[in-house]
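Just so we're clear, the structure is a prediction, and the values are computed from it rather than from any experiment.
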Amino acid sequence: MSRRLVAGVDSSTQSCKVVVIDAATGELVREGRAPHPDGTQVSAQAWWDAYRAATDGGLLDGVEAVAVGGQQHGMVTLGDDDELVRDALLWNDARSADDARDLVDELGGPQAWVDRVGAVPVASFTVSKLRWLARHEPDNAARTATVVLPHDWLTGRILKDGNGFQRWVTDRGDASGTGYWSAATGHYDRDIVRLAFGRDLHLPEVLGPAEPAGRTADGMLVAAGTGDNMGAALGLGLRRGDVVLSLGTSGTVFADDDAATGDAQGYVAGFASASGGRLPLACTLNAARVLTAGAALLGTDLSGLDELALQAEPGAGGLTLLPYLDGERTPNLPDATGTLSGLTRGNATPQNLARAHVEGMLCNLQFSVGALQAQGIPVERVLLIGGASASRAVRELTPQIFDVPVVVPQPGEYVGRGAARQAAWALTGELPDWPRADETQLPAPSDPRAGARIREQYAARAQHP
């Protein structure tokens, strides 16, 4: 018998990546990719163009089911005719920071938000962007009838292209990042939508984990899809005690755990997973691009930054970088900038500056892991993924700073793989038990005390509201 093929799409901030996978074995068969335009607001049409480019040349030939994993939180506005009203505001667009603060106060403070939807909104959340639109672009707000998320829009566009579109849909994982859908109740909070936007909106139907969105005209099943972090969790096959450290444009730490979190400080969002459980998550705006900024500052490339950083001693001679280069989400400092402190004539070397960039990025994320632990999430080991996980300096410093075993799964497109796993689930009715990727355990630090000193130095200078 011929094998059954499924496809998973990772529609991320930077690109569209599509993997075609054997539904029974999890084997990667083929893949394609295409870039997205840069910026914090982008026409959703660009995502469709990239998807078509990534799948050009018969990539989807023989594929029976597809699912989309997309960047969370973005706001896609549609008129009565389902046409785009304006460019989508992405998760990393911080213009709605004041609106988020206002909404927190108007509902009664952080605990009220935790009680209603499991998370305290920041600029990234869709609900904050709704308020920004109503306040700053009233004409566009008046034209807006429906709001969907990036993965919802691409799912619908795939169905529309094949004449299989029936209604806008999403899944519980991505819906939980809007700020107006609750993982605890399983419903939209329409009062919050009205609070943010001034009136109600059409919102996508929230499908179950294995529930299909529809079929294209040629019979390809289209699954519900999910958010990128939820897709990565499915692709990695997380177990209790696993915490993912994903170093891409953003830095995220998350775990697949059934525990309901309620962090009124706003550090941990109580998101839903794509598999029916919970996905407590903390996210920073600054991750891999801290390293590229450091390399540019030193007139070198990422390999050169690694070489310099590994020549410096732990603690970078007393230099500490607070890496809030694009503002920050965790901690919630949207207007902050990066700060380099502790500079003296004695430690002003390229080596120390390089190491301060790596330590600062990792310490900011270690703070987020601590926030998960404070919510009762066990952290027995860290799975290091994302583009910056290839850095030699990152691999050496992570076990030191995080003080738990660190493993690096074999490089792969885990968001796309998770989306493909969801597609196989919708196709067959069973969540496939694909083999976990091979893992490399990173060496334990030679000086176990060095990590504590680095963390203490960073904490003494960090800005935590």
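- In the model, Thr40 has no side-chain atom that pairs as donor or acceptor with a side-chain atom of Asn92 under 3.5 Å.
- Residues Val76 and Asp152 have side chains not in contact (no heavy-atom distance under 4.5 Å, counting atoms from C-beta outward).
- With Gln375 contributing its side chain and Gly262 its backbone, the two residues share a donor-acceptor pair below 3.5 Å.
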Could you check Ser389 against Val394 for side chain to side chain contact (heavy atoms under 4.5 Å, CB included), going step by step and ending with a plain yes or no?
CA-CA 6 Å; Ser389 67; Val394 166; 5.5 Å; no
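- Between Leu133 and Met75, some side-chain heavy-atom pair lies under the 4.5 Å cut-off.
- Taking each heavy atom of Val18 and Ala54 in turn, the nearest pair found is CG2-CB, 4.0 Å.
- Residue Asn364 comes nearest to Pro331 through the heavy atom pair OD1-CD, 3.7 Å, listed as atom of the first residue, atom of the second, then distance.
- If you take CG on Leu397 and CD1 on Ile454, they are separated by 5.5 Å, rounding to the nearest 0.5 Å.
- The shortest heavy-atom contact between Ala356 and Ala316 is N-CB, 3.9 Å.
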Let me see the working for Leu384 and Val407 under side chain to side chain contact (heavy atoms under 4.5 Å, CB included), right down to the final yes or no.
CA-CA 6 Å; Leu384 181 61; Val407 300; over 6 Å; no
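- Side chain of Arg381 to main chain of Val404: no donor-acceptor pair is present (N/O by atom type, distance under 3.5 Å, no hydrogens or angles).
- Distance check: Leu319 CG to Arg461 CZ gives 8.0 Å after rounding to the nearest 0.5 Å.
- Thr170 is not listed as a side-chain neighbour of Val148, based on a closest heavy-atom distance of 4.5 Å or more.
- Panel note: side chain Gln72, backbone Gly177; no donor-acceptor pair is recorded below 3.5 Å.
- No more than 12 heavy-atom neighbours from other residues, nucleotides or ligands sit within 6.0 angstrom of CZ on Arg52.
- In this pair, His36 and Trp47 present their aromatic rings tilted. The plane angle is within the 30 to 60° band.
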Carefully, step by step, assess Tyr324 and Thr339 under the rule side chain to side chain contact (heavy atoms under 4.5 Å, CB included).
CA-CA 7 Å; Tyr324 310 146; Thr339 304; 5.9 Å; no
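- Within 6.0 Å of the CD atom in Glu137, the count of heavy atoms belonging to other residues, nucleotides or ligands exceeds 12.
- When the shell of 6.0 Å around CD of Glu313 is examined, it contains 12 or fewer heavy atoms from other residues, nucleotides or ligands.
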Using the rule given for ring-ring contact (aromatic ring centres under 6.0 Å, His included), can you reason through Tyr458 versus Phe367, listing the C-alpha separation, both sets of side-chain angles and the distance that settles it, and then say yes or no?
CA-CA 10 Å; Tyr458 183 87; Phe367 168 78; 8.5 Å; no
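- Taking the centre and axis of the six-membered ring of Trp181, the NZ or CZ atom of Arg172 falls outside the cone set by 45° and 6.0 Å.
- Between the side chain of Arg329 and the main chain of Leu285, no donor-acceptor pair closer than 3.5 Å is present.
- A distance-only check finds no donor-acceptor pair linking the side chain of Thr261 to the backbone of Pro280 [under 3.5 Å].
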Test Gln41 against Arg86 for side-chain hydrogen bond (donor to acceptor under 3.5 Å, both in side chains), laying out the working first.
CA-CA 9 Å; Gln41 68 169 26; Arg86 72 172 324 277; 3.3 Å; yes
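- Between Val206 and Tyr188, some side-chain heavy-atom pair lies under the 4.5 Å cut-off.
- The CG atom of Asp10 lies 6.5 Å from the OG atom of Ser15; values are rounded to the nearest 0.5 Å.
- Taking the charged nitrogens against the carboxylate oxygens, Arg131 and Glu106 do have a contact shorter than 4.0 Å, which makes a salt bridge.
- A side-chain donor-acceptor contact under 3.5 Å links Asp306 to the backbone of Arg392.
- Side-chain contact between Arg239 and Asp242 is present, with at least one heavy-atom pair separated by less than 4.5 Å.
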Test log, rule side chain to side chain contact (heavy atoms under 4.5 Å, CB included), inputs Val253 and Leu281:
CA-CA 6 Å; Val253 295; Leu281 178 147; over 6 Å; no
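- Judged purely by distance below 3.5 Å, without hydrogens or angles, the side chains of Thr226 and Asp174 never pair a donor atom with an acceptor atom.
- In this structure, OG1 on Thr292 lies 11.5 Å from CG on Leu297, to the nearest 0.5 angstrom.
- Side-chain atoms of Arg190 come within 3.5 Å of backbone N or O of Leu201 as a donor-acceptor pair.
- Note on Arg33 versus Glu413: salt bridge recorded, some NZ/NE/NH1/NH2 to OD/OE distance being below 4.0 Å.
- At a threshold of 4.5 Å between non-hydrogen side-chain atoms, the residues Asp257 and Pro378 count as touching.
- A salt bridge between Asp447 and Arg453 is present, with a side-chain N of the basic residue lying under 4.0 Å from a carboxylate O of the acidic one.
- Annotation for Leu234 and Ser275: closest pair CD2-CB, 4.2 Å, computed over non-hydrogen atoms.
- One N or O on the side chain of Lys129 and one on the backbone of Leu90 form a donor-acceptor pair closer than 3.5 Å.
- A donor-acceptor contact closer than 3.5 angstrom links the side chains of Asn352 and Thr349.
- In this structure, the side chain of Arg278 does not engage the main chain of Phe271 through any donor-acceptor pair within 3.5 Å.
- Minimum heavy-atom separation, Ala255 to Val243: CB-CG2, 4.2 Å.
- Looking only at side-chain heavy atoms (C-beta outward), Lys17 and Ser11 stay at 4.5 Å or farther from each other.
- To the nearest 0.5 Å, the span separating CG on Asn332 from CD on Gln265 amounts to 12.0 Å.
- The two residues Trp113 and Gly179 come nearest to each other via the heavy atoms CZ3-O, 3.4 Å.
- Counting heavy-atom neighbours within 6.0 Å of Asp38 CG, excluding the residue itself, gives a total of 12 or less.
- Residues Arg95 and Trp132 form a side-chain contact, since some pair of their non-hydrogen atoms from C-beta on lies under 4.5 Å apart.
- Summarising the geometry, atom CD belonging to Gln71 is positioned 8.5 Å from atom CH2 belonging to Trp91; distances are rounded to the nearest 0.5 Å.
- Judged by distance alone, the side chain of Asn286 and the main-chain N or O of Pro323 form a donor-acceptor pair under 3.5 Å.
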